[in-house]
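One structure is given here, and the rest of the page talks about it.
We count ligands from 1, going down the list as the structure has it; atoms in each ligand are counted the same way.
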Amino acid sequence: MKRVITYGTFDLLHYGHINLLRRAKALGDYLVVALSTDEFNWNEKRKKCYFSYEQRKALLEAIRYVDLVIPEENWEQKRTDVKEYHIDTFVMGDDWEGKFDFLKEQGVEVVYLPRTPEISTTQIKSDLHK
Ligand code: C2G
């Protein structure tokens, strides 16, 4: 049973997120998604979510590739999450390339996957605004 984890905000869920989750799940048998809380998003990423944590969690739990959703409350928890959830592989989009390589020291495989180029929440919001 190979266990994979990924982290994110996943607000205004779109096919770029789904592409990431599908490829992350394909790397193992069980996918944990650590979902940024509303507080973490605002305090650490200056992101104001359109959907609340509970709404974003329900959306993720409806995705066939996702086996468990846990809260992401701080930057540091990755170190303990990989132990607590017996993670083999950590996955992020390549906009984070290199940022989490320290997890390799804990025996975790670190994989950065190419982002889906043409879609982003910012793009969606600006298109809708036109
Ligand atoms: N993503 C992607 N393609 C896109 C948009 C997003 O592959 N067009 C990926 C990102 O690279 C990330 C995941 O989808 O791996 C979630 O994206 P965000 O919700 O924007 O996550 P982010 O705000 O980068 O949070 O501790 C890590 C942070 O919580 C990551």
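You'll find the ring centres of Tyr7 and Phe90 inside the 6.0 Å limit.
Classified by interplanar angle (parallel below 30°, tilted 30° to 60°, perpendicular above 60°), the ring pair Trp75/Phe40 is perpendicular.
Contacts between Ile119 and ligand 1, counted as non-hydrogen atom pairs separated by less than 4.0 Å, involve both the backbone and the side chain.
Between Pro114 and ligand 1, not a single N/O pair is under 3.5 Å apart. Here's the thing with Trp96: one of its N/O atoms is less than 3.5 angstrom from an N/O atom of ligand 1. For Asp11, no nitrogen or oxygen atom sits less than 3.5 Å from a nitrogen or oxygen atom of ligand 1, counting backbone and side chain alike. Considering backbone and side-chain N/O atoms, Thr6 never comes within less than 3.5 Å of an N/O atom of ligand 1. At least one N or O atom of Thr9, backbone or side chain, sits closer than 3.5 Å to an N or O atom of ligand 1. Note: no N/O pair closer than 3.5 Å links Arg23 and ligand 1 by distance alone. In terms of N/O distances under 3.5 Å, ligand 1 is not approached by Phe40. Every N/O-N/O distance between Ser120 and ligand 1 stays at or above 3.5 Å.
Of the protein's heavy atoms, Thr116 N, 3.2 Å lies nearest to atom 3 (N) of ligand 1. The nearest protein atom to atom 19 (O) of ligand 1, hydrogens excluded, is given as Phe10 N, 2.8 Å; this is a heavy-atom distance. Of all protein heavy atoms, the one lying nearest to atom 28 (C) of ligand 1 is Lys45 NZ, 3.5 Å. Scanning the protein for heavy atoms near atom 9 (C) of ligand 1, the closest one is Leu20 CG, 3.9 Å. When only non-hydrogen protein atoms are considered, atom 20 (O) of ligand 1 lies nearest to Lys47 NZ, 3.2 Å. Regarding atom 11 (O) of ligand 1, its nearest protein heavy-atom neighbour is Asp95 OD1, 2.7 Å. Annotation: atom 1 (N) of ligand 1 to nearest protein heavy atom, Arg115 NH1, 4.0 Å.
The side chain to side chain donor-acceptor pair (under 3.5 Å) test with Asp127 is passed by exactly one of Lys125, Gln123, His129: Gln123.
Taking every non-hydrogen atom of Gly93 and a distance limit under 4.0 Å, the qualifying atoms of ligand 1 come out as 11 (O), 15 (O). Atoms of ligand 1 found under 4.0 Å from any heavy atom of Lys78 (numbered from 1 in listed order, with element): 26 (O), 27 (C). Interface of Gly8 with ligand 1, defined as ligand atoms under 4.0 Å from a residue heavy atom, comprises 19 (O), 21 (O), 25 (O), 29 (O), 30 (C).
Between Asp81 and Lys78 no salt bridge is recorded (no basic side-chain N to carboxylate O distance below 4.0 Å). Between Asp38 and Arg56 there is a salt bridge, since at least one side-chain N of the basic residue sits less than 4.0 Å from a carboxylate O of the acidic one. Electrostatic pairing of Arg115 and Asp95 counts as a salt bridge here, judged by a charged N lying under 4.0 Å from a carboxylate O.
Surrounding OH of Tyr50 are at most 12 heavy atoms belonging to other residues, nucleotides or ligands under 6.0 Å away. Within a 6.0 Å radius of CZ in Arg64, other residues, nucleotides and ligands contribute 12 heavy atoms or fewer.
Residue contact annotation: Glu118 has no non-hydrogen atom under 4.0 Å from ligand 1. Residue contacts with ligand 1: Ser36 is included, with a non-hydrogen atom under 4.0 Å away.
A side-chain N or O of Tyr112 and one of Asp101 form a donor-acceptor pair less than 3.5 Å apart. Side-chain atoms of Thr121 and Asp11 include no donor-acceptor pair closer than 3.5 Å.
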Derivation of the side-chain contact (heavy atoms from CB on, under 4.5 Å) call for Leu21 and Leu60: CA-CA 10 Å; Leu21 294 170; Leu60 283 175; 3.8 Å; yes
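Compare His14, Glu72, His17 by their heavy atoms: the one nearest to atom 27 (C) of ligand 1 is in Glu72.
With contacts defined as side-chain heavy-atom distances shorter than 4.5 Å, the pair Glu118/Tyr15 qualifies.
Judged by the 6.0 Å and 45° rule, Arg79 forms a cation-pi pair with Phe102.
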